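Note on naming: letters A, B, ... go to the chains in the order of the sequence lines (proteins, then strands), and numbering restarts at 1 for each one. Since we're looking at a predicted model, the values are computed, not measured.
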Amino acid sequence: MLALEARATQSASAAWLSPLLAMALTGLTGAAIFLAMGKAPGIALYIYFIEPLTSWSGLSEVAVKAGPLILIGIGLSVGFRAGIWNIGAEGQFIAGAVLGSAPAVVFYDSTNLLILPTMLVLGVLGGMAWAAIPALLKTRFNANEILVSLMLVYVAELLLVHLVQGPWRNPQGWGFPGTRMFPDAALLPMLFPGYRVHLGTLIALLIPLLAWFVLTKSRFGFKVRVFGSAPLAARHAGINNPRMIWATLLIGGGLAGLAGIMEAASTIGQLMPKISPGYGFTAIIVAFLGRLHPVGVALAGTAIAVTYIGGEGAQISAGLPKAVTGLFQGIILFYLLAFDLLTRYRLTRIGNKVSAT
Amino acid sequence: MNELLIASMMTMMTAATPLVFAATGELVCEKSGVLNLGVEGMMLIGAVFGFAAVTLTGQPLAGLLAGSLCGLVAALIFALLTLTLLSNQVATGLALTIFGTGLSALVGLDYVGETIEQIRSIHIPVLSDLPVIGRLLFGHDPLVYLAIIILALSGWFLKPTRWGMILRAVGDSEVSAHAIGYPVIAIRYAAVAFGGAMAGLGGAYLSLVYTPLWAENMTAGRGWIALALVVFASWRPSRVLLGAILFGGITILQLNAQAAGLGIPGAFMSMLPYIATIVVLVLISRDAIRIRLNAPACLGKPFRAER
């Protein structure tokens, strides 16, 4: 018979093995799902997980999708480490896109080179402002940050719809919801002609390095880790609870807001009623899959981005519904959480008779 | 009384009913010490499978059974992960919501745009024909009554019955309950399963009675509002109904106000239920002592029996 035995310390090898196992099993489960849907599993899996990596344009698209996932995932992982559950990054992403886009909407024929930096700063501030609401309500009134941050996702979505249908709607847009296209000066430059990879993608790749440095080398990073693993000890050591809540929520909100404005000011080039394919929620998976570690988050963000692009490809070439991608994301997280047992416990064999150990 | 007002109050109850189902289930689940944030996902699963079952069989009862059964199965995945494999309850609940959103979107592809026959309201001769109160008390669809009955039974179960007290003991002090010899994990499995079945039923109510159709993500945050309702009710069943009617009322009020065209943009009116949820959470939670006294003491903590 098998039994669980608690490990004295978390197993590092198991911690890194479980995301790989989870991804492999998700692939197998995916094959079974494709089979049940009457598709050839081998071909479908190839389209999903391999094909995006076989061409320059595919790689470019993966990088474009990975950017926001990594940015948001990094921000969330800092909060999750400290035990602060900000799950409203989708709303903070939208708030950042909205506030950041304001200059481009108002000065729609601007050629001023300062407009883009202004937009990026405003984007960060927009995301922070949206995250400040759960921070304030949590620290002042003890309101649950999970529910508050999530409710604000719906509020942000509705606000965006209102703006692009009403005050910010393109007057030359034949009544379609959406703002004017942003002027060139308000768009992030592309890195290579013919591909959609842009400056924002590069920024998104630098953030994990910065986060790694902050988390491992700074006092703040140490406090975050202590706060998450031992809240009581942290309180006795004078690590301030409200300040930690504020800091982690603002970091998460700021990075989500940055991701939002960089998405609007690059591949989209305007505001539309829907500007995110659920990046804010998918980034939760990215954060866990990456073990809340900056390097891991960067890798996990890339891996999940592959399934996004693969999902689009599968829809076009194999007629597979896009919804499959969402299902995969849920399944991968289930497997990951299941395997995590092995980082904290080890399986031991105990005989029915031999208990004299 | 004004005909429009009566009609509004009737629809208010239908808007409240899915919340009553889901919040009752979650309340019992949380009382056993398990926080399941997957309500939204389970509701979506219940909504889509309930709708599919009615489309295939034409039987409303089959839809309700399928909805609650599928919600229950989804909850068992959560239970397996959190209770047997000791995963983090918050993360696993989020995973369940993401999973349910994806699964329901996939299953529902074939059913977008399909129509079904709505479950009809009851009509009791004489009683339902009474002026005003006739319809308000005796003119709803059967599930409105079922929701209230299940809520009342849950309230009764949790208070004086033996198993209700054991369930609360498990939620308040798992170590002592285990030491006395109660099967902590088994009781939690049962509570989580009940929560799933109720969330599934609430979801099925949305797709079979409230709309009645299937649309992707049709729950629109009701699962999360149900979670907030449990906090609002301070884990007391009697207050769940009050809270649900309050939210149903806000939903209907903003819909009516949009129809009437008060000059306020529709998007802002649609925000009201979500903003109201936040306001209510703030009002209830700022009394930290009351939350601590009423919340199950072991809420969200994993438990593993020491041999």
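Between the side chains of B:Ser87 and B:Thr92, a donor-acceptor pair is found at a separation under 3.5 Å. One side chain, A:Ser18 or A:Arg291, offers a donor N or O that lies under 3.5 Å from an acceptor on the other. With hydrogens and angles left out, the side-chain atoms of B:Thr84 and B:Tyr189 include a donor and acceptor closer than 3.5 Å. Between the side chains of B:Trp235 and B:Glu30, at least one donor N or O sits under 3.5 Å from an acceptor N or O. With 3.5 Å as the limit, one finds a donor-acceptor pair spanning the side chains of B:Glu40 and B:Thr219.
The most heavy-atom pairs under 4.5 Å with chain B, out of A:Ile332, A:Leu333, A:Ile285, A:Leu150, come from A:Leu150. Across A:Lys138, A:Met151, A:Met37, A:Arg140, the residue that shares the most heavy-atom pairs under 4.5 angstrom with chain B is A:Met151. Most heavy-atom pairs under 4.5 Å with chain A, from the set B:Val282, B:Ile284, B:Thr101, B:Leu281: that is B:Val282. Most heavy-atom pairs under 4.5 Å with chain A, from the set B:Ser104, B:Ala105, B:Gly102, B:Pro265: that is B:Gly102. Per-residue counts of heavy-atom pairs under 4.5 Å with chain B were compared for A:Phe281, A:Phe339, A:Phe141; the largest is that of A:Phe141.
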Show me, pair by pair, the donor-acceptor contacts under 3.5 angstrom made by side chains of residues 156-165 of chain A, not counting sequence neighbours?
none

N/O donor to acceptor pairs below 3.5 angstrom from side-chain atoms of residues 267-277 of chain B, sequence neighbours left out:
| from | atom 1 | to | atom 2 | distance (Å) |
| --- | --- | --- | --- | --- |
| B:Ser270 | OG | B:Gln258 | NE2 | 3.0 |
| B:Ser270 | OG | B:Gly266 | O | 3.0 |
| B:Tyr274 | OH | B:Ala220 | O | 2.8 |
| B:Thr277 | OG1 | B:Pro273 | O | 2.7 |

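Checked by atom type and distance alone, the side chain of B:Ser234 never pairs as donor or acceptor with a backbone atom of B:Arg236 at under 3.5 Å.
For chain B, the nearby part of A:Ile146 is the side chain; its heavy atoms alone come within less than 4.5 Å. The contact between B:Leu37 and chain A is made entirely by side chain atoms (from C-beta outward), counting heavy-atom distances below 4.5 Å. For B:Leu86, the parts lying under 4.5 angstrom from a heavy atom of chain A are both the backbone and the side chain. Looking at B:Leu106, both its backbone and its side chain come within 4.5 Å of chain A, counting heavy atoms on both sides. Using a 4.5 Å cut-off between heavy atoms, A:Phe288 contacts chain B through its side chain alone, with no backbone atom that close. Contact of A:Ile284 with chain B is made through the side chain alone, with heavy-atom distances under 4.5 Å.
In this structure A:Thr179 satisfies the side-chain hydrogen bond (donor to acceptor under 3.5 Å, both in side chains) test with no other residue, sequence neighbours excluded.
Between A:Phe328 and A:Phe34, the two ring planes are perpendicular [angle over 60°; tilted spans 30° to 60°].
Using a 4.5 Å cut-off between non-hydrogen atoms, the part of residues 222-230 of chain B that approaches chain A consists of B:Trp224, B:Ile225, B:Leu227, B:Ala228.
Annotation for B:Leu81 and A:Ala338: closest pair CD2-CB, 3.4 Å, computed over non-hydrogen atoms.
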